[in-house]
Amino acid sequence: MPELPEKPSLDGLEQKWSQRWERDQTFAFDRNKTREQIFSIDTPPPTVSGSLHMGSVFGYAQTDAIARYQRMRGMELFYPMGWDDNGLPTERRVQNFYGVRCDPSIPYDPDAPLPKGDGKGEQRPISRQAFIELCHKLTAEDERAFEELWRTLGLSVDWQLTYATIDDRSRLVAQRMFLRNLARGEAYATDAPTLWDVDFQSAVAQAELEDREQQAAYHRISFHGPNGPIFIETTRPELIPSCVALVANPDDARYQPLFGTTVRTPLFDVEVPVHPHALADPEKGSGIAMICTFGDTTDVTWWRELDLPVRTVIQRDGRFQVPQPDWLATGPWEELAGKTAKQAQKRIVELLAESGDLHGEPRPITHPVKFFEKGDRPLEIVTSRQWYIRNGGRDPELRAALLERGAQLRWHPPFMKVRYDHWVGGLNGDWLISRQRFFGVPIPVWYRIDEHGTVLHDEPLVPDEMRLPIDPSSDTPEGFEESQRGQPGGFVGDPDVMDTWATSSLSPQIATGWIDDPELFDKTFPMNLRPQGPEIIRTWLFSSIVRSHFEHDALPWSDTNINGWVLDPDRKKMSKSIGNVVTPMPLLEEFGADGIRYWACRGAPGTDTAADKGVMKVGRRLAIKVLNVSKFVLGLGAEEGAEITEPIDRAMLVQLNAMLGEATAAWEDFDYTRALDRIETFFWRFCDDYVELVKGRAYGDGPGAASAKATLATTLSTLQRALAPFLAFVAEEVWSWWQDGSIHRASWPEPVAIEGDPIVFDVAADAIAQIRKVKTEAKVSLRTPVERATITDTPERVAALRQAASDVREAGAITELLVDEGEPGVDIVLAAPVS
RNA sequence: GGGCGCUUAGCUCAGCUGGUCAGAGCGCCUCCCUUACAAGGAGGAUGCCGGGGGUUCGAGUCCCUCAGCGCCCACCA
C-alpha cells in the first residue's frame with residue numbers, strides 16, 4: 001500500500017517538484033541518443049527587457065506540453081532556453097533604468113562607479129564600454145527573474161542549455177555566418193537611401209516598420225512654369241528645398257505638354273525637370289507631384305528610375321542642415337536652418353503664404369505614415385552606407401526558393417503560412433542588417449585607409465574565422481598594428497552592429513552548436529519544432545529560413561507552431577499603453593502553475609485566447625480532483641495485474657483505449673487542445689461514474705474486487721500519465737505516491753489488451769444518473785436507499801445493464817433492481833425517509 | 001486599400017470530412033454535511049449557432065454577400 005497524504009494539497013508543489021527535477025536532472029539532455037530519438041525545439045529567446053507577460057506564458061506553456069508529450073512517447077528532448085538581450089530594447093531599458101546614455105567619444109574608465117539605478121532626470125553620458133557593461137548587468141538580473149518564472153511555470157527545458165544572443169557563442173555564430181554570407185555574395189554593403197529613425201539615429205529594416213495613421217494636410221503650392229503656375233499638392237511642403245523634379249502620369253493629358261520642360265520651385269527658384277512616370281496617380285492631389293530626396297519610398301523609386309540627383313537637407317538627427325546647400329543660391333535658407341522637420345514646415349508654410357505660392361487653406365487629411373515600430377517620430381529617408389543580406393526582395397529566383405521553403409514547412413495552424421507567403425511576396429528590398437547602435441554583435445570587418453586618408457569601403461578586411469568573435473573597434477586586422485587605427489595608410493573598424501534579428505535568426509545554429517559542437521549539431525539540426533508568435537513570422541521565422549537556406553540548403557526545422565494572441569478578459573488586445581496587461585506571477589500564485597498551464601493549453605494554435613480567470617480556476621479544480629481521486633483510488637488498494645473479469649471493467653478499459661487513440665492522434669498533429677479535451681472529459685467520467693459504480697465492489701473481498709482494483713489501477717495510471725504534459729506538477733505528485741521515477745520520464749500510455757462491450761459502462765452510468773436525479777428531485781440525500789428500481793430499455797441495453805446490475809444496485813443503494821425490455825424509462829420507489 | 005482569422009447559451013469555448021450538432025465548463029437556480037474531495041457532490045433553466053441570400057431531401061457545418069471585432073500587410077504626392 002502506497003503512503004498517501006492525509007489531506008492532499010496543491011500548495012508548494014511547484015517549488016517541491018522544480019527543485020527535485022533540478023536535483024535529479026530529470027530534463028537533462030542525453031546527447032548519446034541517436035538522431036532519430038531526438039526531438040529538438042528552437043525555443044524563442046524572450047526579449048530581456050522588463051517583465052514577461054501572459055502572452056509569453058501562453059506560448060511557452062503550450063510548447064512545454066508538446067515537449068512533455070514527446071518525451072513520454074520516447075523522444076529525447078533537446079529543449080534549450082535562450083535570452084534575447086541583444087539590441088535596442090536593452091539599450092533603451094539601460095538608459096531608463098540607470099539614467100545614462102552612450103557617448104562613444106568618452107574614454108572608458110574601468111574604475112568609474114556604476115550609476116545609481118533611479119533613472120530620473122538628465123541622462124548622464126557614459127563611455128561605450130561602460131554602457132555595454134550596464135547592459136550585461138541589467139540583462140543578467142532580468143534573466144534570473146525570467147528563469148525563476150519559467151521554473152515556476154514548470155518548463156521542462158534543460159537549464160544547462162541556455163544561451164544569450166549577446167554571449168560569445170552567439171557573437172561567434174553571428175559573425176561567422178555573416179562572413180560566410182559575405183564570401184558567397186549573400187551579404188553586401190551599399191550606399192543607398194535608407195529608412196532612418198532620427199531619434200535612435202539608426203537605419204531600420206522593412207520588417208521593423210509599422211504604419212500609423214497621422215494627421216497631415218495637403219498644401220496647394222504653385223511651381224513656376226514658363227506658361228504660368230503648376231499646382232501641386234503636398235503634405236510635406238518643407239521638402240521644397242529637396243525637390244529634384246516634378247512627375248505626372250505619362251497618360252495624363254493635362255501635364256503631357258510639360259514633359260521634358262523645366263519649372264522653378266517656389267521660394268528657392270531652383271530649376272527642376274518635369275518627368276512622366278507610371279507610378280504617378282492622376283487621381284491623387286492635382287495629379288502632379290514633386291519628387292524630393294527623400295520624402296517617401298516612392299520618391300526613392302522615382303529618384304532611382306529617373307536618375308535624379310540627391311539634394312538632402314534633413315540631417316540624421318532630423319534637423320535641417322545649417323550651411324546653405326549649394327543648389328539653393330537664393331531663398332530664405334536661414335529661416336529653416338537647424339529646425340526640425342515639423343518646425344521647418346510651419347515656417348515654410350508662412351513663407352509660401354507671404355510669397356503668394358500657397359493657395360487656399362491647407363486641407364486636413366489623415367494618412368498612414370511609416371514609423372520604426374519602437375520609435376516616436378516619423379521615419380526620414382537618408383542616404384547612408386549599410387549592410388544588407390539578400391532575401392529575395394530584389395531577386396525573383398531567390399524569392400521563389402524561399403517561398404518553396406515556406407511550403408516545405410509544416411505550419412500549425414496551416415493558415416498561418418499565408419502570412420509568410422504575403423510577406424515574402426511583398427518584399428521590396430534586401431534585408432538591412434546594420435544598425436548604428438552600440439549593444440549588439442559588431443559587423444566583423446575593417447577597412448583600409450589610403451595614404452590620403454580616404455576609407456576604402458569597397459574592400460573590407462575580414463578576420464580569420466578562427467579569431468571570432470571580434471570587435472573591430474578594439475581588435476586589429478591581420479597585418480596591422482593598433483597604432484595604425486584611423487591613420488592614413490592604416491585601417492578603421494566598421495562602427496556598426498548587426499540588427500538583433502541578424503543574430504536571433506541564427507538561434508537554431510546557436511542552440512545546436514553549429515560551430516563549436518559538430519557532433520551535437522548533426523544530431524539536432526534541422527530541429528523539429530519552432531514555436532513562436534504570429535507577429536514575428538516576417539522577422540524571426542523568415543530570417544531564420546533565409547540564413548538556413550543559404551548555409552545549409554535546408555529548412556531549420558520541420559514544423560512550426562504559431563500561438564495565438566492573448567486578449568484581456570474583455571477580449572481586448574493586451575497592451576502596455578492601455579494598461580490592461582496582466583502579469584503572470586500573481587496568477588501563478590492564485591491558480592497554481594497547473595491552472596495556468598491548463599488555461600494556456602486550452603488555447604488552440606493560432607487562436608486568440610482571453611486571459612480568463614474562470615478557465616484557470618477550472619484547471620486548478622481539475623488538479624485538485626486529480627489529487628483526490630488518486631488518493632481515493634490508491635486507498636482502495638488499486639493494483640494492476642489481476643485478470644479483468646467484470647464486463648463493466650472491460651467496458652471501461654475499451655473506452656479508455658478509444659479515448660487514448662484519439663488523444664494520441666491529436667498529439668501527433670501537435671493538437672494539444674484536442675488531446676486535453678478528450679483526456680479531461682474522460683477523466684471526469686472516470687471520477688463521477690466509474691469510481692462511484694465500482695468502489696463498493698473494490699472495497700469488498702468478493703470475486704470481482706481484484707478485477708475492479710486492477711481496472712482502477714490501470715485507468716488511474718493511464719490518466720495520470722495522459723494529464724502529465726498539461727498538469728505537470730500535480731501529475732508528478734500523484735505519480736510519486738505509487739510509482740518510481742518521474743512521470744515525465746514514464747512512457748506515454750499504450751492501449752490495454754482487452755475486449756469488451758463498451759455499452760455496459762454507458763448503461764450503468766445512465767442508470768445511476770437516473771437514480772441520482774430522482775433522489776435530487778425528491779430533495780433527499782443521495783445516500784437514501786431505493787426500495788425498488790425498475791428500468792426498462794431496448795433489448796441491447798437491457799442485456800448490457802444486466803451485466804452491471806450488481807454494481808448499479810450497490811452504487812444506488814437499491815434493494816430491488818428490476819431490468820426489463822420495453823419503452824425506455826425508470827420507475828423508482830424510494831425507501832421511507834428515516835426520521 | 002488587400003489578406004487571414006474570429007462571430008455558437010450571461011461568460012470562456014467544443015462542435016474535425018454536411019444527417020441524435022444544438023454541446024461542455026463557468027456563472028445562475030434548487031437540493032445534498034454521501035466516511036476521496038464542502039476550495040466538494042447531485043440535479044435544473046438558458047441559445048431563430050452575427051444578418052441576408054444560395055446549394056441540398058437535409059446546413060453552426062458548403063458557396064456568395066453584408067456587418068462587427070482582432071491580427072497581418074500596403075508606394076506617406
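So that the names make sense, note that chain A is the first sequence line, chain B the second, and so on, each numbered from 1. Small disclaimer: the values here were computed from a predicted structure and weren't measured. Below, all heavy atoms of this structure are taken into account, side chains as well, without hydrogens, waters or symmetry copies.
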Let's test your reading of the model: under 3.5 Å, does the base of B/A36 pair with the side chain of A/E692 as donor and acceptor?
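Answer yes: a donor N or O sits under 3.5 Å from an acceptor.
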With rounding to the closest Å, how many angstrom separate the [atom1] atoms on [N] and [M]?
N: B/G3; M: B/A74; atom1: P; value: 15 Å
N: B/U20; M: B/G60; atom1: C1'; value: 16 Å
N: B/C6; M: B/C16; atom1: P; value: 12 Å
N: B/G47; M: B/G15; atom1: C1'; value: 15 Å
N: B/G10; M: B/C4; atom1: C1'; value: 30 Å
N: B/G5; M: B/A38; atom1: C1'; value: 43 Å
N: B/A39; M: B/C28; atom1: P; value: 15 Å
N: B/G19; M: B/C13; atom1: C1'; value: 25 Å

Between A/S9 and A/S630, who's closer to the 5' end of RNA chain B by nearest nucleotide?
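Mapping each residue to its closest nucleotide by heavy atoms, the 5'-most match is A/S630.
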Let me know, please, whether A/C687 or A/I768 comes out on the 5' side of the other along RNA chain B by nearest nucleotide.
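By nearest-heavy-atom nucleotide position, the 5'-most residue is A/C687.
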Within less than 4.0 Å of OP1 or OP2 of [N], is there a side-chain N or O belonging to [X]?
X: A/R772; N: B/C31; answer: no
X: A/N628; N: B/G40; answer: no
X: A/K417; N: B/C4; answer: no
X: A/K625; N: B/A36; answer: no
X: A/R621; N: B/C37; answer: no
X: A/K370; N: B/A74; answer: no
X: A/Y598; N: B/G25; answer: no

What does [X] touch in the nucleic acid at a heavy-atom separation under 4.0 angstrom: a base, only the sugar-phosphate, or nothing?
X: A/N428; answer: sugar-phosphate
X: A/D688; answer: sugar-phosphate
X: A/V629; answer: base
X: A/I232; answer: nothing
X: A/R538; answer: sugar-phosphate
X: A/Q206; answer: sugar-phosphate
X: A/T301; answer: nothing
X: A/K284; answer: base
X: A/A778; answer: nothing
X: A/V418; answer: sugar-phosphate
X: A/P534; answer: nothing

Whole angstroms only, please: what is the [atom1]-[atom2] distance between [X] and [N]?
X: A/F542; N: B/C72; atom1: CZ; atom2: P; answer: 18 Å
X: A/W738; N: B/A36; atom1: CH2; atom2: P; answer: 19 Å
X: A/W684; N: B/A14; atom1: CH2; atom2: C1'; answer: 17 Å
X: A/M54; N: B/U12; atom1: CE; atom2: P; answer: 16 Å
X: A/W411; N: B/C4; atom1: CH2; atom2: P; answer: 15 Å
X: A/D211; N: B/A74; atom1: CG; atom2: C1'; answer: 7 Å

With sequence neighbours excluded, what pairs up with A/R621 under the side-chain hydrogen bond (donor to acceptor under 3.5 Å, both in side chains) test?
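By the side-chain hydrogen bond (donor to acceptor under 3.5 Å, both in side chains) rule, A/R621 matches no residue at all.
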Under a 90° cut-off about 0 for the syn range, is B/G41 syn or anti?
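Anti for B/G41; the angle lies over 90° from 0.
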Using both distances under 3.5 Å as the test, list the Watson-Crick or G-U wobble partner of [N], or none.
N: B/C69; value: B/G5
N: B/C26; value: B/G10
N: B/A74; value: none
N: B/C16; value: none
N: B/A39; value: none

State, without any angle test, whether A/W737 and A/Q720 hold a side-chain donor-acceptor pair at a distance under 3.5 Å.
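Note: A/W737 and A/Q720 side chains miss the donor-acceptor criterion.
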For A/Y420 and A/W411: C-alpha separation, side-chain torsions, deciding distance, then whether ring-ring contact (aromatic ring centres under 6.0 Å, His included) applies.
CA-CA 10 Å; A/Y420 178 90; A/W411 295 78; 5.7 Å; yes
Run A/W196 and A/F372 through ring-ring contact (aromatic ring centres under 6.0 Å, His included) and show every step you take.
CA-CA 8 Å; A/W196 184 269; A/F372 175 38; over 10 Å; no
Counting only N and O atoms by type, is there a donor-acceptor contact under 3.5 Å from the side chain of A/Q214 to the main-chain atoms of A/V369?
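Side chain of A/Q214 to backbone of A/V369: no pair is present.
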Would you find a donor on one side and an acceptor on the other, under 3.5 Å apart, between the side chain of A/E692 and the backbone of A/A811?
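No.
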Given B/A36, B/C26, B/C76, which nucleotide is nearest the side-chain atoms of A/K617?
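For A/K617, the side-chain atoms sit closest to B/C26.
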Whether A/E380 and A/R236 form a salt bridge (side-chain N of Lys/Arg under 4.0 Å from carboxylate O of Asp/Glu) is what I want to check.
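The answer is yes: the pair qualifies as a salt bridge.
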Charged N to carboxylate O under 4.0 angstrom, A/D762 versus A/R685?
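Looking at A/R685 together with A/D762, the answer is yes, because their closest N to O distance falls below 4.0 Å.
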Would you say the side chain of A/L195 lies within less than 4.5 Å of the side chain of A/Q206, judging by non-hydrogen atoms?
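A side-chain contact under 4.5 Å is absent here.
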